[in-house]
Amino acid sequence: MSASLLLLCALAGAPAPAQDDLAQDDPGQDDPGQDDLAPAAEGAAPQALEAPPARAPLTDDDEIDDVTEHVSKGLRCPVCQGLSVADSPSDGARTMKARIRELVAMGYSQEQIEDYFVDRYGDWIKLEPPTRGRHVLVWGLPVAFVLFGGGLVAWYVQANIGVRSRRAEVTPVEDDELSPYRARILAELGLDGGEA
Amino acid sequence: MTISLLGRAAVLVALAACAIGAVAGLYGGAKRSAAAEAWARAMAGLFFAATATAVGLMEFALLTHDFSVGYVAEVGSLKSPTWVTIVSLWSSLEGSILFWAFVLGVYAAGQALLTRKRFPQHSAWALGMTLLVGVFFCYLVAGVANPFTLVDPAPSDGPGPNPLLQNHVLMVIHPPALYLGYVGMTVPFAMGAAALLAGRITPAWSRALRNAMLVPWGFLTVGIILGGWWSYEVLGWGGYWAWDPVENASFLPWLTSTAFLHSAMLMERKDQLKGWTMTLLMSSFLLTILGTFMTRSGVFNSVHSFTQTPIGPVFLVFLTLMLLFSVLLLAARVDKLTPPQEGLSGPTSRDTWVLAQNLAFATFTFTVLLGTVWPLVNEALSNEQISVGEPYFNRWGVPLAGLIVFLMGVGPALPWGRATPGGVLKRLAAPAVALVLTAIGCLAAGLREPWPVLTFSVSAFALVVTLAEMVAPGVARWRARGESLPVAMVQATVRTRRRFGGYIVHLGVIAIAVGVAASSGWRDEHQLTLLEGETAVAGDFALTYLGAETVQESHRLSTLAKFDVKTVAGREVGQLAPRMNVYAKMPMNPLGDPAVHSSLAGDLYLTLVSVEAEAGAVSVEAIIEPLVGWIWIGGGIMALGTIVAGWPSRKRSRSQAAPTAEQAA
Amino acid sequence: MNWKVLLIGVVLVVPLVVVLALGFGHDPRALPTTMVDRPAPGFVLADMDTGEQVDLAALRGKPVVINFASSWCVPCAQEHPWLVRVARDYQPRGVVFLNVLYNDEPIKWQGFLARYGQSFPTLVDPGGRVAIDYGVAGVPETFVLDDQGNIVRKFTGPVVPDEFLPLLDGLL
């Protein structure tokens, strides 16, 4: 029985270094952070964030929190895998969430941040499958299912309305003059073995 | 040593009983032989007795710490408290399969007892099928997952079960409830297969089928909800459902069996949809086997799953055989079932809405199954890896759940027979007003999240319809008979108990829908870092950190961080002490143990992030979850409704015993 | 026999079984990496002991081994003493070894080093930015860079000695 991953997730005891720094930093003014992001390295370096932020830096803490929450809901915690970065209590996820918060504050859009993580980790870091190639199926098949099923139900109801009723007497056409409840319930009572 | 031998002997007896009983039952069904059926019944009893003995022996070995027994050496520990030792039976693979076989033994014996002499065309077939499934599980216990292996020399102590499973008392009831649900699906499956094998479904048999499904359905419902509650209380992220493959595995058979319980009404009343209803029935069982495979094969990536075990391939073979058997049986026999004798009553009748409900549930099942296996499909086709997680499932699941709650309102408001458009409007007017008023109320209160507000509104709609339907029989009787209102109510409710129970279940579903919508829509997280004596505010609560404390128990070392909690207004709420437990088995991996203050309005949920004892500092996550407790309450209401609906009735069993009922169709 | 039912059933059942069977070949927890065969993301991080800034770009021309580790991680403790010995052999031959501290406090890591040995510098990675740049999912993870600064190999979990040593020899 290995819930070892789960254990890793619950590794609450492993110290989260400088937790407050991470969460409270205003990364907009965090110069070293900026340097890390755009390393002065060779041209072909993987730099999803080489492009400038899509927006101006955010300053409202509540707004930053909301966007961070939204973005981290869509990314998978690499340690415990089943949970999102937003939900996972693991240190790895907390670190990632703090990083996402920094990027959000700098003005990077959700798409830019997701692209950055996908670039570094691969497609699996996103909790939703991509919408390209064969993955169109995982998005499209449920729609096809419901359309086909709806058609089938409509056809079935149409085709079966005309069938002659063997027990017509217990499924009366409702008469608005009578109390609708009464007629219906008595019919049901009759079917259920009660007295009608 | 002796226990190991006795245990193995008991398992072999169970295996033999299943094998003989299965042959006898199937032979008895095919040849209509009462003698063979009697054999099958006796063997079902023996199967129960043997597995009960095996479980008893294992519990004895666990409690006496007999480490010469393989399973005890694997999960036992002298340090574990007694309750942990007792529940270790299902804490690991081998024990859980033994427990599974035992539960199947209970069901088989119950089935043998309750179907006795009442369904001459079906009961032998059905018993044979149940025991055939029993052969497989006894084979597992006797072979690849044998818990009674002999360990020589016996160790003096064991590691104890997985700490996560010792962390909360809910672990005592969640797995057995789930197993009772999973294993119990065997009985309706066997009964459905019997109907197909016999080539006919009598009204009495279809009623018995529905009752047979109510039992595992109720347990599955409770098991799933307790599982959510357990993960809420233990895992420390304040959530209860993550669309993890193993969670999905338990949800899938719940969806199909719920669809079955509704389409079976149509089958019972109008003789309609027999093939489809049988498909749902068989799918429910097959999905439990698929779910067991998912949990135990190591193929799926889940926090709940057992590690790679040799049991996976064996299970896949069994699953494949059962799938092919079911498809072949359906294809071969579906045309033999008598065609419907009665038509549907069109879009203003309940018939059509049962079909709509079935479509919603089928779509839900299909989507969850597709999303769960898609990463596997993808890996089979390429080397890249992708995830299908919570956002994907929520995207479909949230609207579908809203639709289902809505249908739960429309369906019961309509009669089985045809209704005039005027009558329909009259009946839906009050609930529709409730829907609109709730929506307006939410918006006026400043609630803007679209899905939770929508869920609230359709819940109000369904609530009004359900309550109206619950009192309708009593009111009708009161008007028709001139009895006093309370007498009429009680009388009518007793007479329509199954229906009444069904609506209680619906009330539970509404409570859950509201709880899920509120707790996910308005979940509010706060990261707090406090020094001793400091106070911080989270939502409506003010938390004062009182300090940390260490508690040593035989199997674990706990660090508690104590908080005094008041409302912002100053009312005392009490002390909360989230903990961090270090288990002897895993000294490197402390496990968080959150502390929760619950009320009907919502929970305050505290998880320790870190404690710096020397510095007197603590870092804690405080989560406010409105109305979350209604999910567990809703689960309780659903269980109550199931009991009300499914409680055996004296009168009905006598009427079913009459041979005319069998021959009527 | 209703062939329509049979056909639909088979179409649904067979692919499901095939997919589940193929699943046995995979470890659901093994995560692929996108970082191999790409230039390593650059960084400037402080040495934990000396406080000196270490710039990866300045190490161009030498193979570099970057080991992400933490004091609380069990497999790190298993691989570390071996890594310390290998570094003693290979550093004089021109291979640069670096630890990057992942989700840990220097003081705890110093205790770890006192216990398991030290022969190469540890860099502090505030906020795990570099770890995320490298797509680190857990510890230990070890990246091997050639003298052009490209990632040629990533080890997830403890390094595999039989593959690690020939790899280093090949890079020299």
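All figures in this text were calculated on a predicted structure; none of them were measured in a lab. Only this structure's heavy atoms are used, side chains among them; waters, hydrogens and symmetry mates stay out. Residue numbers start from 1 in every chain, and the chains themselves are labelled A, B, ... in the order their sequence lines are given, proteins ahead of strands.
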Specify which of G275(B), P375(B), A332(B) makes the most heavy-atom pairs with chain C at under 4.5 Å.
A332(B)
Region of V334(B) that comes under 4.5 Å of a non-hydrogen atom in chain C:
side chain
Please check: side-chain N/O of T295(B) versus main-chain N/O of V246(B), any donor-acceptor pairing under 3.5 Å?
no
Residue part contacting chain C, namely of L381(B), when any heavy atom lies under 4.5 Å
neither
Top contributor to chain B interface from V17(C), V14(C), T34(C) [non-hydrogen pairs under 4.5 Å]
V17(C)
Whatever's closer than 4.5 Å to a heavy atom in chain C on L316(B) counts as side chain
Apply the test side-chain contact (heavy atoms from CB on, under 4.5 Å) to residues V620(B) and V609(B): give CA-CA distance (whole Å), side-chain angles for both, the deciding distance (0.1 Å), then the verdict.
CA-CA 5 Å; V620(B) 68; V609(B) 177; 5.6 Å; no
Note: A615(B) and L531(B) closest approach over all heavy atoms is O-CD2, 3.9 Å
Any chance you could lay out the ring pair (Phe, Tyr, Trp, His ring centres under 6.0 Å) test for F293(B) and F318(B), step after step, and finish with the verdict?
CA-CA 10 Å; F293(B) 171 78; F318(B) 178 65; over 10 Å; no
At a heavy-atom separation under 4.5 Å, does L286(B) approach chain C through its side chain, its backbone, both, or neither?
neither
Using heavy-atom distances under 4.5 Å, tell me whether L7(C) contacts chain B through its side chain, its backbone, both, or neither.
neither
Distance (rounded to the nearest 0.5 Å) between L83(C) CG and F120(C) CZ:
4.5 Å
Any donor-acceptor pair under 3.5 Å linking the side chain of T607(B) with the backbone of G236(B)?
yes
